[in-house]
Amino acid sequence: MAEILSINGAEVKIGEDSGKVITTPIATLQFANPKVGDKVEVYRDGKTYIIKRAEGASESVEGERTINKHVFVWIGTFMFGGFGVDRFMRGQAGLGVLKLLLCTIGWITIVGGFAGWIWTLVDWINGLIKAYGGAYGNDENFTFDENGNYLK
């Protein structure tokens, strides 16, 4: 299995198990957010290379969270967003508790928790746009930073 050794502007250096070092344009990488140390699979197509992230390779860096986008959008945000589950999944426990309280107040007083309902709807729409729009359209996972923000 090969590994990304360095990324210098538009070039990537990849070290193979055989000791050979390949220098290739970053455009040959078939995945987003390459990092030094990523495990990759290298394929040769004539004179060019096709490089994919290795199966089972960890995409997360310390402090980042990776969550399946379908589970996040449809289970965490759509079904249980009113309970703050989506915020807990992102690592934002304080906002999750606040969202839970606002939505609970909304169920008790109907009008008083309107802000919680709007917040839930906005989070769901934002998740849909991120998951099925341009940012994560070709990925199966969302990646959040240590603060719970989308990385793309």
Side-chain angles (χ1 to χ4, degrees), residues 1-103 116-152:
M1 183 168 307
E3 181 178 335
I4 295 178
L5 300 175
S6 68
I7 301 172
N8 298 320
E11 280 190 344
V12 179
K13 289 191 180 195
I14 298 172
E16 294 185 309
D17 288 339
S18 65
K20 183 179 175 186
V21 176
I22 300 168
T23 302
T24 184
I26 200 164
T28 60
L29 301 179
Q30 302 297 309
F31 57 94
N33 300 326
K35 296 175 184 67
V36 173
D38 281 351
K39 302 293 184 197
V40 294
E41 295 176 8
V42 179
Y43 303 95
R44 189 171 180 108
D45 181 23
K47 293 184 178 183
T48 62
Y49 292 98
I50 298 171
I51 300 159
K52 298 177 75 174
R53 191 180 309 269
E55 288 287 322
S58 174
E59 296 182 24
S60 294
V61 181
E62 188 174 332
E64 292 181 358
R65 282 177 199 273
T66 302
I67 301 169
N68 181 284
K69 72 179 183 182
H70 308 293
V71 171
F72 178 78
V73 169
W74 296 107
I75 308 279
T77 306
F78 180 71
M79 291 180 67
F80 298 109
F83 298 112
V85 170
D86 57 327
R87 292 297 174 155
F88 288 111
M89 291 171 80
R90 290 170 68 168
Q92 299 174 328
L95 289 175
V97 170
L98 180 62
K99 192 173 180 182
L100 173 64
L101 290 173
L102 283 174
C103 288
W117 295 343
I118 297 245
W119 187 4
T120 301
L121 179 64
V122 168
D123 276 351
W124 179 59
I125 291 170
N126 190 24
L128 279 174
I129 290 169
K130 292 276 188 183
Y132 303 109
Y136 287 91
N138 296 325
D139 296 342
E140 282 298 311
N141 297 315
F142 278 137
T143 305
F144 301 104
D145 66 10
E146 63 275 356
N147 298 319
N149 301 314
Y150 294 94
L151 279 180
K152 289 187 185 178

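Since this is a predicted model, take the numbers as computed values, not measurements. Position 1 is the first residue of the sequence; numbering continues from there.
- When all heavy atoms of R53 and D38 are compared, the closest pair comes out as NH1-OD2, 3.0 Å.
- Rounding to the nearest 0.5 angstrom, the gap separating the OG1 atom in T143 from the CG atom in L151 is 6.0 Å.
- Closest heavy-atom contact between A2 and I14: CB-CG2, 3.6 Å.
- Here the shortest heavy-atom pairing between G127 and V73 reads O-CG2, 3.5 Å.
- Taking 4.5 Å as the limit, some side-chain heavy atom of K99 sits within range of a side-chain heavy atom of D86.
- In terms of modelled atom types and a separation under 3.5 Å, the side chain of K39 and the main chain of A54 share no donor-acceptor contact.
- One distance of note links CD1 of I51 with OG1 of T28; it measures 3.5 Å at 0.5 Å rounding.
- Rounded to the nearest 0.5 angstrom, I26 CD1 and N8 CG are separated by 9.5 Å.
- Between R87 and D123 the shortest side-chain heavy-atom distance falls below 4.5 Å.
- Here Q30 contributes atom CD and E41 contributes atom CD; the two are 12.0 Å apart, rounded to the nearest 0.5 Å.
- The OG1 atom of T77 lies 13.5 Å from the NZ atom of K69; values are rounded to the nearest 0.5 Å.
- For Y43 and Y49, the distance between ring centers is not under 6.0 angstrom.
- A distance-only check finds a donor-acceptor pair linking the side chain of N68 to the backbone of H70 [under 3.5 Å].
- With contacts defined as side-chain heavy-atom distances shorter than 4.5 Å, the pair K35/I4 does not qualify.
- For the atom pair OH of Y150 and CG of D145, the computed distance is 12.0 Å after rounding to the nearest 0.5 Å.
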- Tell me, with the steps shown, if M89 and V71 meet side-chain contact (heavy atoms from CB on, under 4.5 Å). CA-CA 10 Å; M89 291 171 80; V71 171; 4.2 Å; yes
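- E16 is linked by a salt bridge (charged side-chain N to carboxylate O under 4.0 Å, His left out) to nothing, counting only residues two or more places apart in sequence or in another chain.
- Contact record, F72 with I67: CB-CG2, 3.9 Å, taken as the closest heavy-atom pair.
- Counting heavy atoms from C-beta on, the side chains of R90 and L95 never come closer than 4.5 Å.
- Scanning all heavy atoms of the two residues, the minimum distance from G116 to C103 falls at O-SG, 3.4 Å.
- Using a 4.5 Å heavy-atom cutoff, the side chains of V12 and P34 are not in contact.
- Summarising the geometry of V36 relative to S6, their closest heavy-atom pair is CG2-CA, 3.9 Å, with the distance given to 0.1 Å.
- Residues F88 and F80 place their aromatic rings such that the two centres sit no closer than 6.0 Å.
- Contact of the M79 side chain with the W124 side chain is not registered, since no non-hydrogen atoms from C-beta on lie closer than 4.5 Å.
- Below 30°, between 30° and 60°, or above 60°: for F78 and W74 the angle between ring planes is above 60°, a perpendicular geometry.
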